[in-house]
J.: 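Mind having a look at this structure? Questions to follow.
Keep in mind that the numbers below use all heavy atoms, side chains included, and drop hydrogens, waters and symmetry copies.
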Amino acid sequence: MSSATGSAPGRLPFVVWVLAAGTFLMGTTEFVIAGLLPEMAADLNVSVSHAGLLITAFAVGMIVGGPTMAMATLRLPQRHTLIGALAVFALGHAVAALSTSFTVVLTARVVTALATGAFWAVGFVIATTTAGPARATRAVGVMMGGLTLANVIGVPIGSFVGHYTGWRGPFWALAVLAALAAAFVGRFIPRTGQRAEVSVRAEVQALKQGRLWLALGAAVLIMGGVLATYTYITPLLTDRAGIPAGAVPLVLIAFGIGALGGTAIGGRLGDRRPMVTTITAAAATSLILLALIPASNSPVAAVVLVFGMALAGFTVNPVVTSLAVRFAGDAPTLTSALTTSGYNTGIAAGSLVAGRALDSSLGLSGPALVGAVFAALTLLPLIALALRGTAGPSRIVAHHTTDADEPRQTADATTTTAR
């Protein structure tokens with residue numbers, strides 16, 4: 001018998017897959033610009049380095065805007081927040097595609113990042129509540145799978161299309177697809193009303209849990225470790241491994257496939273063995289990055305290790321995200337937004353430190369070494385979390401439906417997870 005959310009027993013609700021499609025679009029827009037920078041710089045009459053601010057602006061918008069928008073929309077029905085975020089996302093891309101001003105495009109990127117932060121914060125909450133405690137991590141894994149799939153499919157296709165249609169082509173495509181996604185959300189996300197007891201005070205009170213900050217710390221460190229290496233992987237592949245520049249995109253696709261596989265593994269194993277899964281994956285990530293330093297002279301070894309780096313590193317993400325949301329109990333929206341901000345903080349910090357290492361005497365080995373250290377440091381909050389335990393009376397409460405013709409949905413459960 002199907003559930004109210006449209007899923008058979010043992011299967012994830014369909015709404016989770018709809019939300020994953022939304023994260024696919026937003027993951028694509030965050031990273032596709034890297035492949036379009038020369039075209040955008042020439043068209044907007046700025047230098048390539050100046051055009052790079054379009055990437056930085058989005059990351060900053062996600063770091064700051066995610067929690068801000070989560071709190072600003074806290075009292076709105078979640079369905080309305082998702083539709084509104086997708087509408088703003090579509091409008092921002094349309095405005096950017098129509099503009100010839102770098103300032104306008106930059107502003108549109110910031111606004112788009114704010115909408116993305118709001119969508120992810122609320123989307124993670126809906127995914128975990130509709131899936132239920134037993135499948136919460138798997139639901140988060142599917143949602144994050146949309147992000148990693150964007151790196152495998154969305155970014156390469158967007159870059160390819162942009163080289164033939166100009167950078168505005170991918171922007172128009174993202175605007176249209178976001179509008180369609182808003183229609184799907186309106187169709188499949190239950191009409192729910194925000195619970196009266198959810199407040200800004202309750203959301204802030206949830207942040208007092210030490211276990212929550214341990215999970216967020218692990219999110220920052222593991223993403224910083226993987227992205228520190230990934231950001232500067234191209235010179236390592238071409239200058240040391242001897243891989244032709246034209247073949248680098250294929251290696252990056254292998255990274256994306258590894259990230260997708262890691263997200264799936266974390267989603268499958270995280271509900272049953274969260275600490276074993278994350279500690280093993282973080283340790284493996286650090287060892288793989290260390291091995292990449294001497295083994296990068298071999299093209300085959302370099303490709304295998306890049307794939308392994310993504311596979312192990314991204315296994316941690318859905319587990320710590322799900323744990324953070326669970327630890328927040330009945331006030332998970334701000335925590336969900338902070339998790340997204342944490343990942344972007346890790347990306348910014350890891351890339352910054354790796355860039356300094358690359359310019360130092362460490363040279364091409366610098367980013368991988370920085371990544372290995374970040375991944376190893378991830379073990380500290382994970383081990384502390386394992387010692388404190390993840391089991392506890394943390395409730396996940398779904399919002400009640402407001403339409404009379406829809407059944408009341410409540411998922412109020414005390415979750416207990418084995419270490």
Side-chain angles (χ1 to χ4, degrees), residues 22-66 68-69 85-120 147-148 150-151 153-178 223-224 227-228 230-234 248-249 252 256 340-341 343-352 354-355:
T23 61
F24 171 82
L25 295 178
M26 293 173 177
T28 299
T29 199
E30 181 169 9
F31 299 112
V32 73
I33 284 193
L36 301 174
L37 277 183
E39 291 85 350
M40 296 186 74
D43 190 54
L44 299 173
N45 295 315
V46 296
S47 66
V48 173
S49 61
H50 196 62
L53 291 174
L54 296 172
I55 298 175
T56 305
F58 195 95
V60 172
M62 286 288 292
I63 293 170
V64 178
T68 302
M69 294 305 297
L86 286 167
V88 172
F89 184 90
L91 182 62
H93 283 79
V95 169
L98 289 169
S99 178
T100 58
S101 166
F102 177 80
T103 302
V104 172
V105 176
L106 185 69
T107 303
R109 287 286 289 175
V110 173
V111 173
T112 300
L114 296 178
T116 300
F119 182 92
W120 281 2
L147 177 62
T148 52
N151 285 300
I153 298 176
V155 172
I157 290 178
S159 298
F160 179 80
V161 171
H163 289 310
Y164 285 93
T165 66
W167 66 269
R168 301 174 194 274
F171 272 62
W172 280 118
L174 287 166
V176 172
L177 290 173
M223 186 57 69
L227 268 295
Y230 179 75
T231 301
Y232 299 101
I233 198 66
T234 298
V248 169
L252 300 185
T340 302
S341 296
Y343 288 128
N344 281 276
T345 301
I347 292 172
S351 300
L352 177 63

J.: Quick one: salt bridge (Lys or Arg N to Asp or Glu O under 4.0 Å) pairs with a partner in residues 92-102, sequence neighbours left out?
T.: none
J.: Can you name the nearest heavy-atom pair linking P170 to G158, along with the distance?
T.: CG-O, 3.3 Å
J.: Any idea which heavy atoms bring W172 and A94 closest together, and the distance?
T.: CZ3-CB, 3.8 Å
J.: So which heavy atom on G27 is nearest to which on A150, and how close?
T.: C-CB, 3.7 Å
J.: The criterion is ring-ring contact (aromatic ring centres under 6.0 Å, His included); which residues satisfy it with F102, sequence neighbours excluded?
T.: H50
J.: Testing the basics here: between A96 and W167, what is the closest heavy-atom pair and its distance to 0.1 Å?
T.: O-CH2, 3.2 Å
J.: Working to the nearest 0.5 angstrom, can you tell me the gap between L177 CG and T28 OG1?
T.: 9.0 Å
J.: Are the side chains of F58 and T116 in contact, using a 4.5 Å heavy-atom criterion?
T.: yes
J.: Can you list every pair that meets side-chain hydrogen bond (donor to acceptor under 3.5 Å, both in side chains) and has a residue in residues 90-115, with sequence neighbours left out?
T.: T29-H93, T29-R109
J.: Looking at every heavy atom in both L54 and V105, which two are closest together, and how far apart are they?
T.: CD2-CG1, 4.0 Å
J.: Rounded to the nearest 0.5 Å, what separation is found between the CG atom of N344 and the CE atom of M223?
T.: 8.5 Å
J.: Search all heavy atoms of G22 against all heavy atoms of F119 and return the closest pair with its distance.
T.: CA-CZ, 3.8 Å
